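As structure tokens, the structure follows; a few thoughts come after it.
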Amino acid sequence: MPATHPRRILVTSALPYANGHIHLGHLVEYIQTDIFVRFQKLRGQRAIYLCADDTHGTAIMIRAKAEGRSEQELIAAMREAHLADFADFQIAFDHYGSTDSPANRRLCGEIWQSLRRRGLVTSRDVTQLFDPVAGVFLADRFVRGRCPRCDAADQYGDSCEQCGATYSPADLVDPRSTLSGAKPEERSAEHLFVTLEAMHGFLDEWTRASGALDPRVANYLIGHFLGEPLRDWDISRPAPYFGFEIPDAPGHYWYVWFDAPIGYLAATSEWCAAHGESFDAWWRRGGTNEPPAEIHHFIGKDITYFHTLFWPAMLEAAELSLPTRVRIHGFLTVNGQKMSKSRGTFLLARTYLDHLDPGMLRYYYAAKLSGGIDDIDLNLPEFAAKVNADLVGKVVNLASRTARWLEKTGLSARYPDDGGLFAHAAADGTEIAAAYEACDFARAMRAIMLAADRANLYVDTEQPWKLAKAGPEAAAKLQDVATVAINLFRQLAVYLAPVLPKFATQVGELVGGPIGSWEQSQQPLTAAPVGTFIPLMRRVEAAQLEALLSQSSEQSRETSPGVPAVESQPSAQPSPATDRPGDSGDALAAEPLAPTCTIDDFAKVDLRVARIIMAEEVPEAKKLLKLTISLGGDVTRTVFAGIKGFHAPEALVGRLVVVVANLAPRQMKFGLSEGMVVAASGAGAQGVYLLSPDSGALPGMRLH
RNA sequence: GGCAGCGUAGCUCAGUUGGUUAGAGCACCGGCUUCAUAAGCCGGGUGUCGCCGGUUCAAGUCCGGCCGCUGCUACCA
């Protein structure tokens, strides 16, 4: 519980790059951070959540040029889009800045002077490929050519995707710039470096002993960087570059990764200016009489070393406060694989919002995040099941099934005997809070759902619907039972408030007023009016998920020219089939075409002709027939096929069908199924139609 | 190629410093309930804890090797 002096907690998320829109992968971090900050505020701590757009660098410069507008116009437009996405996902920054701001320029200058004073800046020439037409130096990925080892065409400047060779861009055969198509030339330019090795002792100590890092991360750093002399960090880029020109080195610009983390400081500075606070009190060591502010950075594992080596070194050199904790999370996969435009799983925040409630994603992520650096998977069928079961079926349903009894009477004047349920859940608050504090939100959600289970069991046991029918003499008992249920419901809403802020607000409107303090979970409400219950959250339907994926696929086709558009297929010729009566587009419309797959994808599926040699009823099964099929010779398989009712077993024996022969065997209730018989179905689901090859085909033949 | 993480029930995952009979949710089956958004409650069983070896009285847990999956690969590593 907050003592007389609340903790001061400064929290950041990594700055999103102004080169693209927010997607569901980004949101893992912003939602995680937002939950942490909201939790701290609910507990009465003084927490501030700061972030900003990361706006500088070559990529922004090139994109602005390609779009024929200034960098400032580009980043302003992207900022607006980012802010709208964050707001709609209920991510509540206390301040959202930009690295392209006067405050950031000033602070970059100050840090830079600290590095200079300490003699940590040096310079030397660096040779890079230069695009003479576009007039810019080229990163490896902006150069393509033939592999010097295997001669594969169209390879990136650093490694060959065909043979795996690694090399430098200058080794490529016939290199060309992906920006202009011009042949790049080698140019040498002076770069400025920070001599990190001078900070080696400090970093060793900080990594090991500060407690800011998970031991696994500390081990990683010790094993990979701190075990040998640290390389100089190339901190400048020659013109042309979109960024801040270095004041004492005209023609040189700070590299984007220098000014990006300083954006945390700039955001603090701007927030302080707007709220009459002192920057020094938050970042300067010994800047106040208060205990030092805590500084928590939330980042993805990909930018670990920027935040655990370069950034602490910069802060140390500038004598600013060091991070209390660097909280590192993994990446998001969708349905078990990385987000992919061609699979339609590269899900933008905005696309999600077009179809689904943001609170649901916040809850799902919370239920998956345990504070570690493991990747988390967004499995869409599981997402629907979890949201429907936990939020709709357990939590919201609790009010849905009891609030109506209290509309006229309000809560009982005294809190009834609930068998210790409220006190039990109030005591759970300690463990739930500890889990939130440790960013083990998954554990917090499990504990909260257990409390929800107990509450539902209570309602089930007390059977208020019977009391309602029992007449006036049971009215007091009915009011008491509903009072308990609604109190337990509101208690859950307090615990869930960091995850579901909008839901908590709505619950406050239903009963008891605004939820603003963790303490509200500790005392039941009495004699308060109860509003009319309106459904607070709708179930997720499969159709919504399909619509989400299908819209995402369309967007990807529009925006990624590398993926052939379905529309580009020559389909204008009238097809004989479309002239047939009854051949409507219903079936196609009911199940839109799957995303494009390659011939390699198709080759993974081994389709074979097979002969059904036995077909048996499975008495207990509603849909299944047990088939024994032959792939030729004495190779037979047992397959359970969902065709009962559409085909008589005896009519199937001897018939040729097509099977997926390399499908992973699946244990079904009635036995192991070792393949799948291919059949057509869909639209109206009027039937299931087996495929047959033309006569002459033999078992074992593969479909190509 | 380099680096990292993971591998526990059909699926998604928990399993504290090694310590009884390895757990939860979902899915599935049966029963109850009918207030509630096809919601709720009870019961049911399922595991060579990826494989091989080692340390130990004791290994899902520690060590080594192998296999598989996933992610990252930025002017860097």
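By convention in this document, chain letters (A, B, ...) are assigned in the order of the sequence lines, proteins followed by strands, and residues within each chain are numbered from 1. These numbers come from a predicted model, not from an experiment.
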Point to revise | Toward the 5' end of RNA chain B, by each residue's nearest nucleotide, A:Asp460 or A:Pro238 | key: A:Asp460
Review point. Expressed in angstrom and rounded to an integer, what is the separation of A:Asn456 atom CG from B:U33 atom C1'?
Key: 13 Å
Review point. To the nearest angstrom, how far is A:Asp302 atom CG from B:U73 atom P?
Key: 7 Å
Check your understanding: Does B:C35 have OP1 or OP2 sitting under 4.0 Å from an N or O in the side chain of A:Arg404?
Key -> no
Exercise for review: For A:Pro535, report the nucleic acid contact type (base, sugar-phosphate, nothing); a contact means any heavy atom under 4.0 Å.
Suggested key: base
Check your understanding: Base, sugar-phosphate, or nothing for A:Tyr305, non-hydrogen atoms under 4.0 angstrom?
Key -> base
Review point. Does A:Arg404 have any salt bridge (charged side-chain N to carboxylate O under 4.0 Å, His left out) partners at least two apart in sequence or in another chain, and if so, which?
Key: none
**Study point:** Base partner of B:C49, which must satisfy Watson-Crick or wobble distances under 3.5 Å
**Key:** none
Check your understanding: With both distances kept under 3.5 Å, what pairs with B:A58, Watson-Crick or G-U wobble?
Key -> none
Review point. What integer number of Å spans the C1' atoms of B:G2 and B:C49?
Key: 31 Å
Review point. Taking the six-membered ring of A:Phe130 as reference, does the NZ or CZ atom of A:Arg187 fall below 6.0 Å from its centre and within a 45° cone about the axis?
Key: yes
Check your understanding: Is the charged tip of A:Arg124 near the ring of A:Phe193: under 6.0 Å from the six-membered ring centre and within 45° of its axis?
Key -> yes
Point to revise | Closest to the A:Arg446 side chain, choosing from B:U37, B:G25, B:A14 | key: B:A14
**Study point:** Atom pair distance, as rounded to whole Å: CD in A:Gln544 and P in B:U37
**Key:** 17 Å
Review point. With a 4.0 Å cut-off on heavy atoms, is A:Ile303 in touch with a base, just the backbone sugar-phosphate, or nothing at all?
Key: base
**Study point:** Counterpart base for B:G23, defined by Watson-Crick or G-U wobble contacts under 3.5 Å
**Key:** B:C13
Exercise for review: Look up atom CG in A:Leu467 and atom NZ in A:Lys469, then write down how far apart they are to the nearest 0.5 Å.
Suggested key: 11.0 Å
Point to revise | Length of the CG-C1' vector between A:Asp390 and B:C26, whole Å | key: 9 Å
Exercise for review: Confirm from the modelled atom types if A:Glu382 and B:C11 form a donor-acceptor pair under 3.5 Å, side chain to base only.
Suggested key: no
Practice item. Under a 3.5 Å limit for both distances, which nucleotide forms a Watson-Crick or G-U wobble pair with B:G30, could you say? Key: B:C42
Check your understanding: Do the side-chain N or O atoms of A:Lys469 get closer than 4.0 angstrom to the phosphate oxygens (OP1, OP2) of B:C35?
Key -> yes
Check your understanding: How far does OH of A:Tyr253 sit from CZ of A:Phe242, to the nearest 0.5 angstrom?
Key -> 10.5 Å
Exercise for review: Take atom CZ of A:Phe489 and atom C1' of B:U37, then tell me their distance rounded to the nearest Å.
Suggested key: 13 Å
Review point. Does A:Lys368 place a side-chain N or O at less than 4.0 Å from the phosphate oxygens OP1/OP2 of B:C13?
Key: yes
**Study point:** Whole angstrom value for the distance that separates P of B:G5 from CG of A:Asp377
**Key:** 19 Å
Review point. A:Arg539 side chain N/O closer than 4.0 Å to the phosphate oxygens (OP1, OP2) of B:A38?
Key: no
Exercise for review: With a 3.5 angstrom cut-off on both distances, give the Watson-Crick or G-U wobble partner of B:C6, or none if there isn't one.
Suggested key: B:G68
Review point. Looking for any heavy atom pair under 4.0 Å, which part of the strands does A:Met537 touch: base, sugar-phosphate only, or nothing?
Key: base
Practice item. Could you let me know what B:G18 is paired to, Watson-Crick or G-U wobble, both distances under 3.5 Å, or none if it's on its own? Key: none
